[in-house]
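Written out below as C-alpha cells is the structure these notes cover.
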Amino acid sequence: VRRDDREERMNDMAQLAAAYRTATDVFIAAAAQVTDANIDVRHPDGWSARQIVHHMADSEAQSYARLRRLLAEPGSTIQGYDEDAWSRNPKLGYEALPIENALAVFVAVRAASLDLVQRLAPADLELNGEHTERGRFTVADWLRIYSNHPRDHAEQLLKALRGEA
C-alpha cells in the first residue's frame with residue numbers, strides 16, 4: 001500500500017471521527033434549549049424533549065456495548081431492542097424523570113465511544129456481527145448510524161419544543 005493511500009485512508013478515518021463528534025455537539029446544543037416550561041411540550045403524535053433525551057441515553061448505552069462487542073468479539077450477536085416499549089415503561093421514567101442524568105449518560109458514553117472511534121483503522125470498519133433486526137452489522141454501519149442518530153433526534157427535539165410533529 002502506497003504512503004499516499006495510507007494517508008488518505010487515515011484522513012478519511014479522521015473525518016469519520018469528526019462527524020461522530022459533531023453529531024454529539026449538535027444534540028447537546030439542542031438539549032440545551034430544553035427548559036422547565038418546554039420539556040414536556042410535544043405534538044400529539046410525537047415524543048417530548050424529555051422522552052427524546054431519555055431515549056438518547058438508552059440508545060447510546062446500547063451503542064456503547066455494540067461497538068465494543070463488534071471490536072472485541074467479531075461475529076457475535078448484536079441485540080436489538082424495542083425502543084417504543086422502553087419509552088412506554090413507566091419504571092424507565094421517560095415521561096417523569098428529570099433529564100440531567102440521562103443527558104450526562106449520553107455525553108459520557110459518546111465521549112467513551114469517540115475514544116474508540118479515534119483509534120479505528122480502515123480495516124476495522126469491516127468487522128461485523130449479526131444484528132437481531134438488521135442482519136449483518138459492521139463497524140462501518142455502526143459509525144454511519146450513530147453519526148446520524150443524534151442529528152435526527154436533535155431535529156426531532158427542536159420540533160417537539162415547538163409542538164411540531
Next on the checklist: For a salt bridge (charged side-chain N to carboxylate O under 4.0 Å, His left out) check, start with the C-alpha distance between Lys159 and Glu155, then their side-chain angles and the critical distance, and finish with the verdict.
Outcome noted: CA-CA 6 Å; Lys159 284 182 176 181; Glu155 183 179 325; 3.6 Å; yes
Checklist entry - Going through the distances and angles, do His149 and Asp152 end up as a side chain to side chain contact (heavy atoms under 4.5 Å, CB included)? => result CA-CA 5 Å; His149 192 242; Asp152 293 343; 5.6 Å; no
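- For the residue pair Gln156 / His153, a side-chain donor-acceptor distance below 3.5 Å is found, with atom types taken as modelled.
- Cluster annotation: Val109 and Leu70 are assigned to distinct hydrophobic clusters (Ile/Leu/Val/Met/Phe/Trp/Tyr, side-chain heavy-atom contacts under 4.5 Å, transitive).
- Minimum interatomic distance between Ala30 and Leu157 (heavy atoms only, all atoms of both residues): O-CD2, 3.5 Å.
- Listed for the Thr77 side chain is no donor-acceptor partner under 3.5 Å among the backbone atoms of Gln79.
- The cationic group of Arg68 lies under 6.0 Å from the six-membered ring centre of Tyr64 and within 45° of the ring axis, placing it in a cation-pi geometry.
- Inspection of the Asp58 and Tyr94 side chains reveals an N or O donor paired with an N or O acceptor under 3.5 Å.
- In the hydrophobic cluster analysis, where Ile, Leu, Val, Met, Phe, Trp and Tyr join through side-chain heavy atoms closer than 4.5 angstrom, Val117 is grouped together with Leu71.
- Under the 4.5 Å side-chain heavy-atom criterion for Ile, Leu, Val, Met, Phe, Trp and Tyr, Ile78 and Leu116 are members of the same hydrophobic cluster.
- For the pair Ser59 (side chain) and His55 (backbone), a donor-acceptor distance under 3.5 Å is absent.
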Would you mind writing out the side-chain donor-acceptor pairs for residues 118-128 within the sub-3.5 Å range, not counting sequence neighbours?
{"residue": "Asp124", "atom": "OD2", "partner": "Ala121", "partner atom": "N", "Å": "2.8"}
{"residue": "Asn128", "atom": "ND2", "partner": "Glu126", "partner atom": "O", "Å": "3.2"}

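- The two residues Pro150 and Phe27 come nearest to each other via the heavy atoms O-CD1, 3.6 Å.
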If you look only at distance, which donor and acceptor atoms sit under 3.5 Å apart when one is on a side chain in residues 96-107 and the other is two or more places apart or in another chain?
none

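- Considering every non-hydrogen atom in both Ala17 and Leu114, the closest pair reads O-CD1, 3.7 Å.
- Looking at Val41 and Leu161, their side chains never come closer than 4.5 Å, going by heavy atoms from C-beta outward.
- Summarising the geometry, atom OG belonging to Ser113 is positioned 11.5 Å from atom CZ belonging to Arg66; distances are rounded to the nearest 0.5 Å.
- Using a 30° and 60° split on the angle between ring planes, Tyr146 and Trp142 fall in the tilted class, from 30° to 60°.
- The shortest distance between side-chain heavy atoms of Phe137 and Thr132 does not fall below 4.5 Å.
- There is a path of hydrophobic side-chain contacts, each under 4.5 Å, that joins Leu158 to Val53.
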Item to check | side chain to side chain contact (heavy atoms under 4.5 Å, CB included) assessment of Glu95 paired with His54 | outcome: CA-CA 9 Å; Glu95 294 191 43; His54 285 291; over 6 Å; no
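- Nearest heavy atom pair, residue Ile52 against residue Ala160, reads CD1-CB, 4.2 Å.
- The two residues Ser76 and Arg69 have their closest heavy-atom pair at OG-CG, 2.9 Å.
- Applying the side chain to side chain donor-acceptor pair (under 3.5 Å) test to residues at least two apart or on different chains, the pairs with a partner in residues 23-40 are Thr24-Arg110, Thr35-Asn38, Asp40-Arg50.
- A donor-acceptor pair is defined here as one N or O able to donate and one able to accept, closer than 3.5 Å; such a pair exists between the side chain of Asn148 and the backbone of Arg144.
- Listed for the Thr22 side chain is no donor-acceptor partner under 3.5 Å among the backbone atoms of Ala19.
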